[in-house]
Amino acid sequence: MAKTKELSKDVRDKIVDLHKAGMGYKTIAKQLGEKVTTVGAIIRKWKKHKITVNLPRPGAPCKISPCGVAMIMRTVRNQPRTTREDLVNDLKAAGTIVTKKTIGNTLRREGLKSCSARKVPLLKKAHIQARLKLAN
């Protein structure tokens, strides 16, 4: 897809002024020598945001897709001893290359504050009974 040319501010303002004057998209496009779709896009943007300039996006795009985030959360919920390196390898197998830091940030964003793997597995009921018996 080719990069589109940026219209100058005075052309965009002229389009908006002609639209306010009651002219249609086709007549504006013919008068200024622009495409009808371009004129329509500028007018729609002006109606919605009251500006015609292109603003930068708010922040960088996410490295991990929502599907990948769901996979990470499922893995961590089912196996609390999973390390960040294991999660990096899982995502690499799925085709997404990220760092351990990105995994940690994602887990924190999803509500897991301590993102280190659990060292000791939780005790089973039989082990608890054995410990109580030994203590008594």
Side-chain angles (χ1 to χ4, degrees):
M1 193 165 124
K3 188 168 171 37
T4 57
K5 65 174 182 156
E6 181 89 20
L7 289 177
S8 64
K9 183 172 176 21
D10 58 326
V11 173
R12 290 190 305 249
D13 290 341
K14 221 176 268 184
I15 290 173
V16 171
D17 291 338
L18 291 173
H19 173 71
K20 284 182 185 173
M23 292 176 73
Y25 290 10
K26 283 185 184 177
T27 49
I28 294 172
K30 231 178 245 176
Q31 188 172 341
L32 298 176
E34 295 294 334
K35 293 181 180 175
V36 178
T37 54
T38 306
V39 171
I42 290 170
I43 291 172
R44 279 193 303 276
K45 184 171 188 172
W46 177 78
K47 278 182 177 178
K48 186 171 184 184
H49 302 291
K50 297 296 181 215
I51 59 169
T52 57
V53 293
N54 290 330
L55 298 175
R57 66 183 291 150
C62 291
K63 290 182 170 51
I64 305 174
S65 65
C67 184
V69 172
M71 184 189 81
I72 289 172
M73 292 305 293
R74 195 174 340 121
T75 306
V76 171
R77 196 172 19 240
N78 293 342
Q79 302 165 346
R81 297 180 73 186
T82 308
T83 61
R84 286 180 297 181
E85 196 157 342
D86 295 339
L87 295 171
V88 167
N89 293 336
D90 288 348
L91 281 176
K92 193 182 287 184
T96 308
I97 298 170
V98 291
T99 61
K100 289 195 284 188
K101 178 81 175 159
T102 306
I103 297 287
N105 290 343
T106 304
L107 289 171
R108 199 161 293 109
R109 198 178 311 116
E110 294 295 316
L112 295 176
K113 290 190 178 116
S114 174
C115 299
S116 56
R118 191 187 289 155
K119 301 289 187 287
V120 182
L122 293 173
L123 293 175
K124 294 186 169 72
K125 290 213 186 294
H127 296 142
I128 294 171
Q129 292 302 323
R131 281 185 170 208
L132 283 172
K133 188 175 178 185
L134 180 71
N136 289 333

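We use all heavy atoms of the structure for the numbers below, so side chains are in, but hydrogens, waters and symmetry mates are not.
Here the CE atom belonging to Met73 is positioned 6.0 Å from the CZ atom belonging to Arg77, to the nearest 0.5 angstrom. Separating the CD1 atom in Ile28 from the NZ atom in Lys30 is a distance of 12.5 Å, to the nearest 0.5 Å. Note that OH of Tyr25 is 15.0 Å distant from CD of Glu34, once rounded to the nearest 0.5 Å. Annotation: the span from Met71 atom CE to Ser65 atom OG amounts to 8.5 Å, rounded to 0.5 Å.
Side-chain contact between Asp86 and Gln79 is absent, with no heavy atoms from C-beta onward closer than 4.5 Å. You'll find the side chain of Ile97 stays beyond 4.5 Å of the side chain of Val88, heavy atoms only. Side-chain contact between Lys92 and Val98 is absent, with no heavy-atom pair separated by less than 4.5 Å. Within the 4.5 Å cutoff, the side chain of Lys14 has no heavy atoms near those of the Gln31 side chain. Counting heavy atoms from C-beta outward, Leu32 and Leu18 have side chains that approach closer than 4.5 Å.
Between Asp13 and Lys9 a salt bridge is recorded (basic side-chain N to carboxylate O distance below 4.0 Å).
The backbone N or O of Leu7 lies less than 3.5 Å from a partner atom in the side chain of Arg12, making a donor-acceptor pair. Proximity of a side-chain donor or acceptor of Lys45 to a complementary backbone N or O of Val53 within less than 3.5 Å is detected.
With 3.5 Å as the limit, one finds no donor-acceptor pair spanning the side chains of Asn105 and Thr102.
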Applying side-chain contact (heavy atoms from CB on, under 4.5 Å) to Leu123 and Arg131, what does each step give before you reach the verdict?
CA-CA 10 Å; Leu123 293 175; Arg131 281 185 170 208; 3.9 Å; yes

**OP:** Could you walk me through whether Val16 and Lys20 pass side-chain contact (heavy atoms from CB on, under 4.5 Å), step by step?
**Re:** CA-CA 6 Å; Val16 171; Lys20 284 182 185 173; 3.9 Å; yes

Could you walk me through whether Thr99 and Ile103 satisfy the side-chain contact (heavy atoms from CB on, under 4.5 Å) test, starting with their C-alpha distance in whole Å, then the side-chain angles of each, then the deciding distance to 0.1 Å, before giving a yes or no? CA-CA 7 Å; Thr99 61; Ile103 297 287; over 6 Å; no

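When the options Ile42, Ile43, Val36 are evaluated for a side chain to side chain contact (heavy atoms under 4.5 Å, CB included) with Val39, the one that passes is Ile43. With respect to Leu91, the side chain to side chain contact (heavy atoms under 4.5 Å, CB included) criterion is satisfied by exactly one of Ile64, Val69, Thr106: Ile64.
Lys48 forms no cation-pi arrangement with Trp46, by the criterion of a distance under 6.0 Å to the ring centre and an angle within 45° of the ring axis.
Across every non-hydrogen atom of Lys100 and Arg84, the tightest pair is O-CD, 3.7 Å.
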